[in-house]
Amino acid sequence: MHVTVKIEGINLEKLLRIASEEGIWIARATRIDARGMTVRVRADQAARLYTLCERCGWTHVTLDEGRFMRLARFLRRRIAFAPGILLGILLVFLSSQMILSVRVENARENAAEIRRFFEQEGVHPGRLKAAFSLDELRAKLSHRLPGLSHAALRYAGSTLVCDVQAATEGEQLSVSGDGMDIVATQSGIVKKIWVSSGTPQVVPGQAVHKGQVLISGQERSEKGTMLPAKAQGQITARVFAGGEAKVSLTQTRSVETGETRTRVTLATPWSRRVVRDAQPFDSQDTSREIQRVVGLYLPVWREIETYARTQVFVSPRDQGDCASMAQGAAEKIAREQCPPDALILDKWVNYSMIDNEFIYARVVLEYEAHIAGRIQ
């Protein structure tokens, strides 16, 4: 790295001779006029050249420090940022090695049980990935929920994804251990029963509630006594999902009047000081802007809040439009309670008006689902 220096004085050839004798290597010297010369010297010897000029009465001005010298000066001025950059890199690395969230997919009625399983195993945000074996967790989960036909665990970045598939019709839902019952995982009306072992406790067309025994873990022997048995089977039922929503019969809108006020705050990570205060309006729109203070190497910024005065206008809305919006919102809530692949068999909608201010809608959806589960 080299520095270009302009030197003025008399007998500049003497400067070159003394510099050579003192070991200052000058790469190039160019005469400007009778009293001026530009020289190019190595950056690490520039200070010695400046000392020589001051000792002998020559004036010197640095013309060009070179690209690398400017970079080095820039880094020296901002050396305080280096610990922050290193800390940021460390935090990014640690976050990549940690579990920041847990997501359960396709679990349906088993979602709550799977989340309880993760809590008991200590799998929660903030734990290191290296603390767990996905194969061991998968084996424990399959043993905990034998009604799953498929269970897969994987990492998507810092998210632990649990993708499971419940047993479908045609597969057996078996309960480990003799004498344990199969119960309803949700309320509904029984449509179809398939029993491999155990004694059915319900019939098609019967309404059942969540937790009710569907297949008991007992069978009658040839002698008429009841013996424990491994309950196996599947129950298909018509189940229902509901949603409620309300929509206002009036519409409120605000219009800016053009009157504004500005509040300016000077802030640092440690303190805040209002340099220009402004009182807010009774009704207003607020915008906020952050401006860095240029020219300082400290973390200082200005927060500019602009208050724009508004007037509020209330107007009636069409009752039919409000009813349609309320139904759409209620139906969306109901569909979120249904499985993604559920086939909707029927839909009921009920409307009512509340104090001439709101339209209230309730939507009930009917679909088929397997409701056989086990007692914990």
Side-chain angles (χ1 to χ4, degrees), residues 75 78-177 180 182-186 210-211 230 232 234 241 267-270 290 292 299 301 332-342 369-376:
L75 293 177
R78 290 158 177 80
I79 193 66
F81 292 148
I85 295 173
L86 294 177
L87 179 60
I89 295 173
L90 178 61
L91 292 177
V92 171
F93 173 76
L94 288 178
S95 65
S96 67
Q97 303 300 312
M98 297 175 65
I99 299 174
L100 299 184
S101 63
V102 179
R103 186 170 74 241
V104 180
E105 297 180 348
N106 304 318
R108 301 184 185 178
E109 66 273 6
N110 296 311
E113 180 61 28
I114 293 175
R115 294 193 180 277
R116 279 198 297 271
F117 165 78
F118 283 137
E119 290 177 1
Q120 294 172 1
E121 294 295 325
V123 181
H124 56 76
R127 295 295 303 273
L128 291 175
K129 298 177 182 178
F132 305 99
S133 169
L134 294 186
D135 292 335
E136 292 181 2
L137 287 176
R138 186 184 303 109
K140 291 181 180 180
L141 179 60
S142 299
H143 180 74
R144 176 76 171 268
L145 294 175
L148 301 178
S149 63
H150 169 74
L153 297 175
R154 71 179 191 278
Y155 287 115
S158 296
T159 300
L160 175 61
V161 180
C162 177
D163 187 3
V164 300
Q165 184 66 46
T168 58
E169 189 173 4
E171 298 177 290
Q172 285 196 145
L173 174 64
S174 61
V175 179
S176 58
M180 294 190 67
I182 292 179
V183 301
T185 58
Q186 59 188 120
K210 184 177 181 180
K230 182 184 292 185
Q232 294 179 321
Q234 186 59 272
T268 69
W270 309 280
I290 296 179
R292 299 289 177 182
W301 63 90
K332 180 180 179 181
I333 295 173
R335 285 187 178 274
E336 290 176 351
Q337 304 173 33
C338 303
D341 57 348
H370 302 300
I371 63 171
R374 66 187 180 92
I375 299 177
Q376 298 298 324

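By convention here, the first residue in the shown sequence is residue 1. These values consider heavy atoms only, across backbone and side chains, with no hydrogens, waters or symmetry-generated copies.
Residue pairs meeting the salt bridge (Lys or Arg N to Asp or Glu O under 4.0 Å) criterion with at least one member in residues 93-106, sequence neighbours excluded: R103-E105.
For the atom pair Q234 CD and I182 CD1, the distance stands at 8.0 Å (nearest 0.5 Å). Interatomic distance, CG of L160 versus NZ of K129, reported as 9.0 Å (0.5 Å rounding). One finds the CZ atom of F132 at 10.0 Å from the CZ atom of F118 (value rounded to the nearest 0.5 Å).
Side-chain contact between L100 and P125 is absent, with no heavy-atom pair separated by less than 4.5 Å.
Heavy-atom minimum distance, T185 versus G373: CG2-CA, 3.6 Å. When all heavy atoms of R115 and V102 are compared, the pair lying nearest together is NH1-O, 3.8 Å. Residues Q186 and A369 share a closest heavy-atom pair of OE1-CB, 4.3 Å. Contact record, A334 with A241: O-CB, 3.6 Å, taken as the closest heavy-atom pair.
For E136, the salt bridge (charged side-chain N to carboxylate O under 4.0 Å, His left out) criterion is met by no residue, not counting sequence neighbours. For E119, there are no salt bridge (charged side-chain N to carboxylate O under 4.0 Å, His left out) partners two or more places apart in sequence or in a different chain.
Within the 3.5 Å criterion, the main-chain N or O of P299 finds no donor-acceptor partner in the side chain of T268.
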Criterion side-chain contact (heavy atoms from CB on, under 4.5 Å) on V123 and F117, from CA distance to verdict
CA-CA 9 Å; V123 181; F117 165 78; over 6 Å; no
